[in-house]
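Let me begin by presenting the structure, written as C-alpha cells, before commenting on it.
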4 protein chains.
Amino acid sequence: MAHRGNRHGRSEEARQAVLEAADDLLAERGFAGVTIEGIAARAGVAKQTIYRWWPSKVDVLLEAFGEDMAQHLTPEDHGDLGTDLRTHLSRLAEFLTGTDPGAVFRALAGQAQHDPQLATRLRDGHLSGQRERDGLPLRWAIERGDLPADLDVGTALDQLVGPVYYRVLVTGTPVTRAFTDDLVDAFLHRHAR
Amino acid sequence: MAHRGNRHGRSEEARQAVLEAADDLLAERGFAGVTIEGIAARAGVAKQTIYRWWPSKVDVLLEAFGEDMAQHLTPEDHGDLGTDLRTHLSRLAEFLTGTDPGAVFRALAGQAQHDPQLATRLRDGHLSGQRERDGLPLRWAIERGDLPADLDVGTALDQLVGPVYYRVLVTGTPVTRAFTDDLVDAFLHRHAR
Amino acid sequence: MAHRGNRHGRSEEARQAVLEAADDLLAERGFAGVTIEGIAARAGVAKQTIYRWWPSKVDVLLEAFGEDMAQHLTPEDHGDLGTDLRTHLSRLAEFLTGTDPGAVFRALAGQAQHDPQLATRLRDGHLSGQRERDGLPLRWAIERGDLPADLDVGTALDQLVGPVYYRVLVTGTPVTRAFTDDLVDAFLHRHAR
Amino acid sequence: MAHRGNRHGRSEEARQAVLEAADDLLAERGFAGVTIEGIAARAGVAKQTIYRWWPSKVDVLLEAFGEDMAQHLTPEDHGDLGTDLRTHLSRLAEFLTGTDPGAVFRALAGQAQHDPQLATRLRDGHLSGQRERDGLPLRWAIERGDLPADLDVGTALDQLVGPVYYRVLVTGTPVTRAFTDDLVDAFLHRHAR
DNA sequence: CATTAAGCGAGACGGTACGTCTCGTCTTTTA
DNA sequence: TAAAAGACGAGACGTACCGTCTCGCTTAATG
C-alpha cells in the first residue's frame, strides 16, 4: 500500500485495509488468529498505524462490525404482529449463525465474557440499539391495539430473542424456522388478543 | 509445595494446588490472567507437571469446574411443577451470576465462542447433563399427568432457561426472581392444564 | 518556534535552533540521546526541515561542530618551539576533555569507528586542517633553523599529539600539564639543537 | 539448533552460536548491523536466550572479544629491549588494523565514546591487562639494568603505543613497521643507556 | 535392603506476539 | 517555496508466555 502522509487526518485507505484484514483473519483463523501483527502484515500496514488508531484488536473488530447488525436486522412493518415477529426472529437466527458479521458478533460476545469493558461497549454501541429495533414490531402492535399498552416490552423481548441467543451461544443447536415460529406462537398465545 | 517423588501415580497434592490456583487467578485477574506460568508459580508446581496432566489451560478450568454445576443445580421434586420450576430457575440465575463456579462457566462459555473443540467438550461434559437435570421437573409433571406426554421438552427448556442465559451472557441485565417467575408463568399459561 | 513560511531561501532561525538542540541533546543525554525526532521536538522544527538540509544526525553534529576546533586550537607564535608546543598540547588536552565541542568531537570520533564515510568526512573536514595548525610551531621552528629542514613533520605530530588522543579516547586517563610537557621534552631531547 | 533444556546451567551450544553470529554480523555489516534480532536469527536462537545471558549487544561483543587481545598481544622476552618493543608494537599495529578481533575492538572503542559504562568495562576487562602486557618488555629491561629503575612506565607506554592507537582510531593512516620502529628509536634515544 | 523407575521441582530453550520507539518518506496547509 | 505538522511503512527494541526438553531429587514397589 502506497502510504500518503497527510497533515490533516488519517488514511482512509489504511483504515479500510485494516478492517478487511481483521475480518478476513477472523473468518479464516478464528479469534485467536487475529493478531495485530497479522492484521498489519495482511493489510500492508505498519503496526504503529494500527496502534495509533485502535487501542486493541477488539476495537478493530468492533469497528469492522460497524453497522452490520443494524443493516441486517431492522424489521419491516407488515401490519401483522405474527408475521413481523416470525420474519424478524428468523432473520436474527440467520444473521447469528449464517453470516460473517454474525461470526464477528459471536467472537465479540465471547470475548466480552472475559472483558467487562468490551461487554459495556458492545451493549452500548450495538446491543441496546438492536433491542430498540427488535422491539419495533411490538410497539407497532401496541399502537394498533393488538397488544396491551402496558406490555413489558423488555421482558417480552427477552422471552422472544433469549432462546435464540441461547441456542447460538450455549447449546449450539440449529435455530430452525420451526423453533422461532414456536417462540412467536408462545408469545402470541399469551399476549395477543 | 514440597515435592514428593512417587513411582506409582500422580500427586493429588499438586493436582489440587493447580486447580485452586487456576480458580483463584480467574477470580482475581480474569480469563486472560490465567496463564500456565501463573498457575505453576502460584501453585508452587512445575510447568511440566501441568502439561503432563492437562493439555491446555481450559482443561484445567474445565476440571476445576468439575461437578459444580451438578451440585448447585439439581432440582428437587416438590410435587408441584410451578414450584419446581420457579425454584430451579431462580437457583440457575444465582449460580450463573453470583458464584465462583458461575464465573468459571461464563469464562468457559466465552472461550467456547473462539474454540469449537472447547464448545463441544463443554456441551458434552456439562451442558447436556445439566439439560437432563433442568428437564426433570417437566418429566415429573408429565408422569403426574400435569403436562401432556408429547411435550417437546427440549424446546420447552430453551424457552425457560434461554432468556436467563441471554440476560447473563448478552445483555448483562440482572436476573431477578420476578423475571424467572414470569418465565414460568408464561410456560404454565400455555402448557399446564 | 513560530514557523514563518518563506519563499526566499531557508530559515536561518531554524538552522540555528537545530544546531543548538543537537548540541544540547548531546551534552545532556549523550550520542544515543540525539535523535532526529528529539532534535525536531526540542528545536520546535519539523523533522522534514532537518532532513531537507542534513542527510543524517551526524551531519547536524558535524555542522554544529563547525569551526570550533579551529577556534580553540590555533597555535600562536611565541618565537620559541618549546613554549609553542607546550601551550598547544595543553590547549588540545583541555579542548578534548573539558569543553562542549570536545565532547562533540569525541562522539563523532566514536561514531566514525562504525561509519567509514563519517571517518573520511571528519578527517577531510576537520582533522587534516587541524594537523596543519598543529604543525605550525614545527614549521616556524624549521624556518628559524631550530629544527632540521628534513624533519618528518607528520611522524613528529603523531608522536606529540598521539599520546594525548590515546589517553582521551582509549585509557581515559587525565591528560595533565606534566604529561603534555613531558611529550614536548621527549621531542625536544631528540630533535632540537 | 536442537535445544536441550538443563537444570544446571546454560547451553554452551547456544552461547557459541550467539558469539559467532555477533562476530560475523560485525564483520559483514558493521556495528549498526549487529542487532539482537539479527544475532538471534543468525544463531538460530531465541531472542530471550540472548536477553537471559547478556544485558545488551555490547556485552555480547565484549564476550566475543574475550581473550583475543591477550592471545594476540603477549610479548616474548628476547633479552633485548629494542627487539622486544619493535616486535610488540608491530604486532599491535597488525592486530588493530588487520584482524577480526581488532575490528571488534575498534567498534567497542568507538561505542565506548558514547557509553561511559562500556568504557569502564572495556578498560577494566581488557585494556588494563593489556597495558600490563605492553609494559613487560620495559620491566624486563629494568631488571636487566637496561632502563633506569625509576622509569615512569605508564607515561613511557603512552608515548610508545599512543601514536599507534591515534593513527588507527583518529587519522586512519597506515601503521607501518617504519613508523613503529621510529617510535621505539625515539624512546631508546631518550632512555636507554 | 539395594535397585529401579515414575512423578516432581526447576528452569533453559526456540518461538510468537506484544506494545513502544525511532527512522526516513510523504502530503497538506500556511505564510 | 520553505516550514510546521504529522500520518505513514518499516523494523528493532525488550517483555511475557507458549509448549518442549533435560536434569537431579524423592519416593515406593520390586528383586
Side-chain angles (χ1 to χ4, degrees), chain A residues 1-11 13-15 32 34-41 43-53 55-57, chain B residues 1-11 13-14 32 35-38 40-41 43-53 55-57, chain C residues 1-11 13-14 32 35-38 40 43-53 55-57, chain D residues 1-11 13-14 32 34-41 43-53 55-57:
Chain A
M1 230 188 73
H3 75 89
R4 311 186 309 95
N6 178 341
R7 174 166 189 181
H8 293 295
R10 64 197 283 195
S11 158
E13 209 175 348
R15 181 177 160 274
V34 181
T35 65
I36 300 285
E37 301 236 310
I39 296 172
V45 141
K47 280 166 62 181
Q48 187 55 45
T49 297
I50 301 180
Y51 284 110
R52 193 174 355 251
W53 300 111
S56 73
K57 76 175 185 180
Chain B
M1 230 188 74
H3 83 87
R4 306 181 304 93
N6 176 348
R7 178 166 187 183
H8 295 293
R10 66 195 283 191
S11 159
E13 208 176 349
T35 65
I36 298 285
E37 301 237 313
V45 141
K47 279 166 63 181
Q48 187 56 39
T49 298
I50 302 180
Y51 282 110
R52 193 176 352 252
W53 301 110
S56 74
K57 76 174 185 180
Chain C
M1 228 188 77
H3 89 89
R4 307 181 300 93
N6 172 352
R7 51 193 316 170
H8 300 296
R10 71 191 279 194
S11 159
E13 206 175 350
T35 66
I36 299 284
E37 213 116 275
V45 142
K47 281 164 59 181
Q48 187 54 40
T49 300
I50 302 180
Y51 282 110
R52 192 174 351 251
W53 301 110
S56 74
K57 77 175 183 180
Chain D
M1 232 189 70
H3 74 87
R4 312 185 310 96
N6 180 339
R7 175 168 190 183
H8 294 296
R10 61 197 285 193
S11 158
E13 210 175 348
V34 181
T35 65
I36 300 285
E37 299 237 314
I39 295 172
V45 141
K47 279 165 64 180
Q48 188 54 46
T49 298
I50 302 180
Y51 284 111
R52 197 178 348 255
W53 300 110
S56 73
K57 75 175 186 179

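Within every chain, numbering begins at 1; the chains are lettered A, B, ... in the order of the sequence lines, protein sequences first and strands thereafter. Just so it is clear, the values below take in all heavy atoms, side chains as well, and ignore hydrogens, waters and symmetry mates.
D:R52 has a side-chain polar atom (N or O) that falls below the 4.0 Å cut-off from OP1 or OP2 of E:dC13. The side chain of D:T49 contributes an N or O atom lying less than 4.0 Å from OP1 or OP2 of E:dG14. Contact annotation: B:S11 does not reach the phosphate of E:dG7 (side-chain N/O to OP1 or OP2, under 4.0 Å). Side-chain nitrogen and oxygen atoms of D:W53 include at least one within less than 4.0 Å of the OP1 or OP2 phosphate oxygen of E:dC13.
With sequence neighbours left out, the side-chain hydrogen bond (donor to acceptor under 3.5 Å, both in side chains) criterion links B:S56 to B:D59. Not a single salt bridge (Lys or Arg N to Asp or Glu O under 4.0 Å) links B:K57 to another residue, sequence neighbours left out.
Stacking of B:R10 on the aromatic ring of B:W53 is recorded, both the 6.0 Å distance cut-off and the 45° axial limit being met.
What you find for C:A46 and C:A40 is that their closest heavy atoms are C-CB, 4.3 Å.
Straight-line distance from the CD1 atom of D:I50 to the C1' atom of E:dA12: 14 Å, rounded to whole Å.
Expressed to the nearest 0.5 Å, how far CD1 of B:I50 lies from OG1 of B:T35 amounts to 8.5 Å.
Here the nucleotide nearest the side chain of D:R10, chosen from E:dG14, F:dA3, E:dC13, is E:dC13.
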Sort me out a list of protein N/O and nucleotides 14-18 of chain F N/O pairs below 3.5 Å, or just none if empty.
residue : atom : partner : partner atom : Å
F:dG14  : OP2  : D:Y51   : OH           : 2.6
F:dG14  : O5'  : D:Y51   : OH           : 3.4
F:dG14  : N7   : D:K47   : NZ           : 3.1
F:dG14  : O6   : D:K47   : NZ           : 2.7
F:dC18  : OP1  : B:I36   : N            : 3.0
F:dC18  : OP2  : B:I36   : N            : 3.1
F:dC18  : OP2  : B:E37   : N            : 2.9

